[in-house]
Amino acid sequence: MSILSLRGVSAAYGPINVLHDVSLEVPARQAVVVLGANGAGKTTTLRSICGITNNRGSIVFDGAEISRMATADIVRRGVAHVPQGRGTFADLTVRENLDLGAYLRRDKAVRADIDRCFDLFPRLSERATQAAGSLSGGEQQMLAIARGLMLRPKLLVLDEPSLGLAPIIVRDLFDTLATLRSERELALLIVEQNADLALAMADHAYVLEAGSIVFGGPSEVVRQNDTLRRAYLGY
Amino acid sequence: GGRGSNDSSAIPGVTDSEIILGSSYPYSGPASAFGTIGKGIATYFDYLNAEKGGVKMGDGKTRKIKFISYDDSYAPEKQLANAQKLVEQDKVFATFAMFGTPTHLAAVDYLNAKKVPDVWVNSVSAQFSVESTKWPFTLAFPPTGQTEVDVLATYLGQTKPDAKIGLLFQNDDTGKGAVAQLEKNVAGTRMKLVAKESYEVTDPTVDSQVTNLVQSGADVIWMAVAPKQGAQAIKRSAELKFKGVRIISTTASSVAAVLTPAGLEASKGLISTAFTKDASDPKWASDPDVVEANRIIEKYGKGLKANDSLALTGINAAQIMERTLERMDEPTRDSLMKTVRTIDPPLQLPLVLPGVTVSTGPDKLLAVTILQVQQFDGAAWQSVGEPVSLDQ
Amino acid sequence: MNMLSVEGVSLRFGGVLALDDVTFSVDDGSICGLIGPNGAGKTTLFNCITRLYDPDSGHIHFNGLDLLDRRAHEIPRHGVARTFQNLGFLPGETVLDNVLLGAHHRFRSRYLGALLRSVAHRREQRALTEDALTVLAGLNLLDLAYRPVGGLPYGTQKRVELARAVVGKPRLILLDEPANGLTHGEVDELGDVIRRFQAERDLTVVLVEHHMRLVMGVSDHIVALAMGRKIFDGTPAAAQSNAALSEAYFGTTA
Amino acid sequence: MFFQQIVDGISSGAIYALLGLAIVMVHRGSGVANFAQGEMAMLAAYIAWQVNAWGAPWALAMLAAVGASFGIGMLVERLVARRAAQGSVLTVVIVTLGLFLVINQSAGYLWTFEIKDFRGIMPSGVWSVGGVAVSYDAMGVVGALVLCGVGLYLLLSRTRVGLAMRAATSNPESAALVGIRTSRVHMFSWGLAGSIGAVAGVMVAPRLFLEPSMMFGSLLFAFAAVTVGGLDSPLGAVIGGLLVGISENLAGTYVDFIGSDLKIAVPLLIIVLVLIVRPAGMFGNRSVTRA
Amino acid sequence: MTQTQAVPSSSLSSPLWITRARRLRWALAALLALIALLLPFGLQPYNVLRLTLVLIFGISIMGLNLLTGYAGQISLGHGAFFAVGAYVTAITCNEWSSPFAVALPASLVVTFVLGGLIGIPALRIRGVYLGVITLALAIIVPSLVKRFDSVTGGAQGLRVPQLQAPAWSGLGGDQWTYFVVLVVCVLVFLGARNLTHGHIGRAMVAVRENELAASANGVDVVQVKLVSFAVSAALAGLAGGLYAIVVGYVAPDSFTLLLSINLLAGMVVGGAGSIAGPLIGAVFIEYTPIVTSGFNQALGGMIYGLVIVVVMLLFPKGVVGLGELVAARLPWTRPDQGVRR
Ligand SMILES: Nc1ncnc2c1ncn2[C@@H]1O[C@H](COP(=O)(O)OP(=O)(O)OP(=O)(O)O)[C@@H](O)[C@H]1O
Ligand SMILES: Nc1ncnc2c1ncn2[C@@H]1O[C@H](COP(=O)(O)OP(=O)(O)OP(=O)(O)O)[C@@H](O)[C@H]1O
Ligand SMILES: CC(C)C[C@H](N)C(=O)O
Ligand SMILES: [Mg+2]
Ligand SMILES: [Mg+2]
């Protein structure tokens, strides 16, 4: 059963159409990666899911149609979105940013989760009282991811999570994501340029080109198929 | 004259059945409170046209009054443009009760250059009356600030010859005029001006100024102020238990709009001059002229409320114009100027206090030089003596 | 010859020692890869060189010129350009305008010239616009010249950044993670572009990147920072086999 | 005299501070400087006056006004401020100035420009100690300031709502992404600001006297106060307000050249000096910009 | 992006839609200029006066626009510079009976210097904070005028001799004045266009959008801010000087806060950061109150406020912003849709 499914989703900025009839599925507890050249519409797809971009079509999450919902309400249903290029609260401290990640939660585990984030990104604990805007680019990216994790979502949407992160951190991050997926029964939808790493971890892959899905299937297929890789991913 | 009808067609703004008057008021902007006066004027003319068919002028013809007034938001250049529009487009017979000193100073040269009568200007500045050589077509109506100061200073000189005066005034030309006139009055007397405090209209309160005056050792506090600051100063001086004499300007003497909010007890003993009947003063509440004016306001004043002193000011102004028109021999601008420059015999207007008359003549350029000194007894203003005349 | 030399540069923000006595130099015409964990101080070092930050101590010389004597806006005129890690654009303006901003210091005419649209002003305006468009064409961005830069995909914006830096005709160019948001294939192309610019425009390059294939592929020389301190200085090959670097940065447990 | 001027300064300053709190509230919750805040306070005072004129006791009338103002504030956000925010900061500034005109002129139309007799709940009279007179009205204003100030401080620093407000202003899109309903947060801040402004309006009306331009001068000083204190700091608004009130009075009294006609220049000088040292006010958060 | 391509020079010229949009703008400007030349002959003097005031407000809004619209430094008190300019002209004309050819430049220079000085604190202070400081300036200037009444005439104000049309022109005084102001206005607008359409304008926008990026690209932020302040103040001062001559009278009440607010409203309604915006804004602030109070005198001010609110809600980026939206959808001037990478 799919936790998220998009059916015929189109999106436009002003008069310009950038997504055409995109359909994709994220099965429960699985990781799905979306690949594509830059400008293909990956970010737009993710933003449509969270109701940030105007779009047409049907988006069903956890049994409910969410395509007309406000962003905050979608998030309240259990979708966490880590936007491309930071999106932290620059004026607030690292700690406050994490607290805000848990804004919707009332449970007791929040403290423990913050510690867990600090374990994953020790850098953040050293900077806990510093304004997020003064962090380095990679530190901000860590913060954005950590904030997404703090929500304890059912579906975690990540837009190029490896952006600006040191290789060792990227590796740790993907390990952690894999762990969390089984541990918390988390579903993942990831846009990632580091295709090797993403494909290794994901169960399914989609390839977007110029706003349309040109491939969808098990990630293994992409890994094995050189023609496919070369045609769409350039390597 | 019988041939008047022919002549009048050549004169702008007047026909056998209609006369056009123009004006300019701040209907919008920071001074829009005074727009109520303009609306009061329009209300009265509406009443005249509806119930009396207009004004019966000296030539025997009854003419409806078409009163056109434009908004200038108290901006001088806008009053100038309005004046030009009234003359050039609306072809008014005369402008009437144009409002405000700085605003009218921008328009007055133009009107005189065009030889358009600019009568009963609504400004307390004396220059619009006394500069009759420079501006032969201009004349103001309300008692000037100087007149008010002169009357009160004379009264004070008689009742408290050793007065040590602390003055509170608005930092504009009216306030500055009051300072100058008071200084002139105390010169050569035993009275002294011991403290001066000014305020800007934008000051939230005048408490600090009043405190300074109370503690300056003055035994007279003279408040040359607008209504709001008047209320504040009355209340504050009472709170500080000021024991001396308190004088307040006429504009801030309304029982309903100043003294009641300030506290009737706190207002007890105030000295002021009066020009018109205060509709909110119990003494005048049932005066037939006031009742009639209120009826007119309620029937014709779109959105105006009875007893609004600004609306009544407008009615009063319209009434002086009505009388002026009645006295004109012929419907010409010359005749109008002649009439306003020789209001003789003096006029007693319905809303003006008995004994306070309007008159002009070759040697009397200011129209209102009689005022009534009055004292507040905690419920109503009581006249002190007879109206004081300062006729030169 | 040294084009850039950084000597004993330190900078502290409150409790954070962002740069700790950093010394290294970059040869004229070379490509230097500057790597290190997140928060190591790479961007901060760029900020010191371009005078957006004041180091607490140390010296920075460029071509014999003491850069610490200069103010930020004078740096491009002396031949140093940079890109920003997280984009430093005027998002509402067109790509062309943004690129032309990078050529700001090349305008000779000043307020009066612009006010009167003097002949000289118009001539240089035309020339520099052509220059900008040529650079855009070289990066395959010509079609986007009149589009507002704000709506472009992230990877494209990173390329516009590159164009903006290059159009200033710098001698030294500081690239802060230019490969962010690019696909594998595009990263390889970027490597070619950097080399090409370096050769054609006679540039010296300092490249901050976490993309190891790119850094190791194009760099002549690698400097690594960690916790504000220099931990490595040598050839790419040596870097890849350096144990400390591997542990702190690459994550390949040797 | 000196102490009297200090006390007068405090009681004026309390007015600016109270209005300043409302301004801070809106700014903190939606990043907007609301130039119509004073007029909304004035409107609240008229509402209280009208309800009282219909026969309700003052306390009830004032409560009604504070409640109504919460609704008015929310409505203004919903119908006006939110849409204007699609433009620039300046669009919002102009819109609030437009609202200023609408409220001010409507009040004159509905209730005339004459002063209304507004008694309020404080007894009239003064309390004197050692030659210094403090009116009960002024004490009421100070009391309201303390209540609102402490309440607001607790709300902003101790509750989730406060954090949500800061998040919604700092980065609305990300705020939505952590589940904050930003539009509700904005509406709530405007509503709350409306109520605080209303408290200011009904408490100062007996002292400033109720007419349509009642709050205009105070608005200017309130802006001076929040600028000195920092546009997003309630503590700053309180301290700024008192500072402006006291300095304005003392300077007008003791500095000859200034006198009362130039005393308005004093807050300006203070602002410039404070801002040159601390560009975001004494207690304001300076937003971080790094390369 | 692999090879260095030889770029055909034709592809370096602007795309067609840009050229067309540019032509459309010039055509509109030419049409406007023609109308501006003919109008005073078909109108009564009071309307010519109003148009003259529109031009004057247009000049000062353009000044504000350079500072606030382009360089992003909020000024809520530009009426202060307008007032200073008006008084400088009034005083030089009165005290020293200098002809306007001296008085107007004097206004320009004095306000230029004053603006530069006021710009110094603005180097550190931003946004609403700067707005409040300039607002206070606008409140203080009238008080200062009253305080120094020996030179300024105090609350009474000063009269200024008005322009007389030379006999050879055959024009009325109002028409002559109009054309003089028109010439100044055209020069100011052309100058502003030139200044903003090149690297200087780009530098101003960069200062507005991103100071860090601006200085990293070689923009001297300090200089741009100071020059913007000075030029902006100078234009307001010039407009003030023209105002003094045209109206023939200056008083503190001519320069209340309302003036500053109107200038700002005009700029935003017209469209901040555009060349046509200030003129549209000037028309708006001069004529809207007339229209609204003609509509209903009792509620004129209320309706004016309502109109401002509604206009801003309908076109949050001003009238010019609306025009751009329309242009982006016209088949002629619509940006090409095909976007390659
Ligand atoms: N705000 C916007 N305004 C206008 N066009 C936009 C906007 N955002 C995106 N686009 C356009 O939509 C298309 C898809 O962009 P999107 O950001 O979704 O691509 P992407 O696949 O995420 O690219 P990248 O890998 O570079 O992040 C692009 O052509 C882009 O120009
Ligand atoms: N303005 C500032 N205020 C406080 N701390 C700062 C500031 N600028 C940088 N820092 C701190 O200095 C450290 C170095 O930051 P810098 O941006 O130079 O890292 P970096 O090496 O570029 O990292 P990344 O690879 O993540 O971009 C970081 O930990 C950051 O938090
Ligand atoms: C110009 C700045 C806003 C850019 C920013 N410093 C960055 O790291 O990209
Ligand atoms: Mg993307
Ligand atoms: Mg960095």
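Protein chains get the first letters and strands the later ones, always in sequence-line order, with residue 1 at the start of each. What you are looking at is a predicted structure, and each value in this text was computed from that prediction instead of being measured.
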> Nearest heavy-atom pair of B:P204 and D:G217: which atoms, and what distance?
Replying inline: CG-C, 3.6 Å

>> Heavy atom to heavy atom, less than 4.5 Å: which residues from residues 133-142 of chain D reach chain B?
In response: D:A133, D:S135, D:D137

> Which pair of heavy atoms, one from D:Q105 and one from B:G29, lies closest together, and at what distance?
Replying inline: NE2-O, 3.5 Å

> Taking it one step at a time, do B:T205 and D:S12 satisfy side-chain contact (heavy atoms from CB on, under 4.5 Å)?
Replying inline: CA-CA 8 Å; B:T205 75; D:S12 308; 4.3 Å; yes

>> Determine whether a donor-acceptor pair (N or O, by modelled atom type, separation under 3.5 Å) exists between the side chain of D:Q5 and the backbone of B:S208.
In response: yes

> Given a strict heavy-atom distance threshold of 4.5 Å, which part of D:L101 is in contact with chain B: side chain, backbone, both, or neither?
Replying inline: neither

> About how many Å separate CZ of D:F113 and CG of B:L310, when rounded to the nearest 0.5 Å?
Replying inline: 9.0 Å

>> Taking side chain as everything from C-beta outward and backbone as N, CA, C, O, which of these in D:S128 sits under 4.5 Å from a heavy atom of chain B? Side chain, backbone, both or neither.
In response: side chain

> Is chain B contacted by the side chain of D:Y109, its backbone, both, or neither, given a heavy-atom distance below 4.5 Å?
Replying inline: both

>> Heavy-atom cut-off 4.5 Å, strictly under: side chain, backbone, both or neither for D:P212 against chain B?
In response: neither

> Of all of D:G9, D:G108, D:G125, D:P206, which one pairs up most often with chain B through heavy atoms under 4.5 Å apart?
Replying inline: D:P206

> Side chain, backbone, both or neither: which part of D:M215 has a non-hydrogen atom closer than 4.5 Å to chain B?
Replying inline: neither

>> Counting only non-hydrogen atoms closer than 4.5 Å, does B:T36 touch chain D with its backbone (N, CA, C, O), its side chain (CB onward), both, or neither?
In response: side chain

> Which atoms form the tightest heavy-atom contact between B:N307 and D:E114, and what is the distance?
Replying inline: O-OE1, 4.0 Å

> chain B heavy atoms under 4.5 Å from D:S124: which part of the residue, side chain, backbone, both or neither?
Replying inline: neither

>> Run the side-chain contact (heavy atoms from CB on, under 4.5 Å) test on B:K235 and D:F209 for me, step by step, so that the C-alpha distance in whole Å, both residues' side-chain angles and the decisive distance to 0.1 Å come before the verdict.
In response: CA-CA 10 Å; B:K235 185 170 185 181; D:F209 292 95; 3.7 Å; yes

>> Under the criterion side-chain contact (heavy atoms from CB on, under 4.5 Å), I'd like the reasoning laid out for D:Q4 against B:V214: C-alpha separation, chi angles, the key distance, then a yes or no.
In response: CA-CA 11 Å; D:Q4 184 67 54; B:V214 167; over 6 Å; no

>> Take a 6.0 Å sphere around NZ of B:K164 and say whether it holds more than 12 heavy atoms from other residues, nucleotides or ligands.
In response: no

>> Using heavy-atom distances under 4.5 Å, tell me whether B:Y27 contacts chain D through its side chain, its backbone, both, or neither.
In response: backbone

> Around B:Y47, counting heavy atoms of other residues, nucleotides and ligands shown, do more than 12 lie under 6.0 Å from its OH?
Replying inline: yes

> Heavy-atom distance under 4.5 Å to chain B: side chain of D:R207, backbone, both or neither?
Replying inline: both

>> If you count heavy-atom pairs within less than 4.5 Å of chain D, which of B:D207, B:V206, B:D308 leads?
In response: B:D308

> When rounded to the nearest 0.5 angstrom, what distance separates NZ in B:K228 from CG in D:L210?
Replying inline: 10.0 Å

> Do any of residues 250-262 of chain B have a heavy atom less than 4.5 Å from a heavy atom of chain D, and if so, which, in residue order?
Replying inline: B:A256, B:A257, B:T260, B:P261, B:A262

> Relative to chain B, which segment of D:L110 carries a heavy atom at a distance below 4.5 Å: side chain, backbone, both, or neither?
Replying inline: backbone

> Taking atom CG of D:N249 and atom CD of B:Q209, what is their separation to the nearest 0.5 Å?
Replying inline: 7.5 Å

> Are there more than 12 heavy atoms of other residues, nucleotides or ligands under 6.0 Å from atom NZ of B:K305?
Replying inline: yes

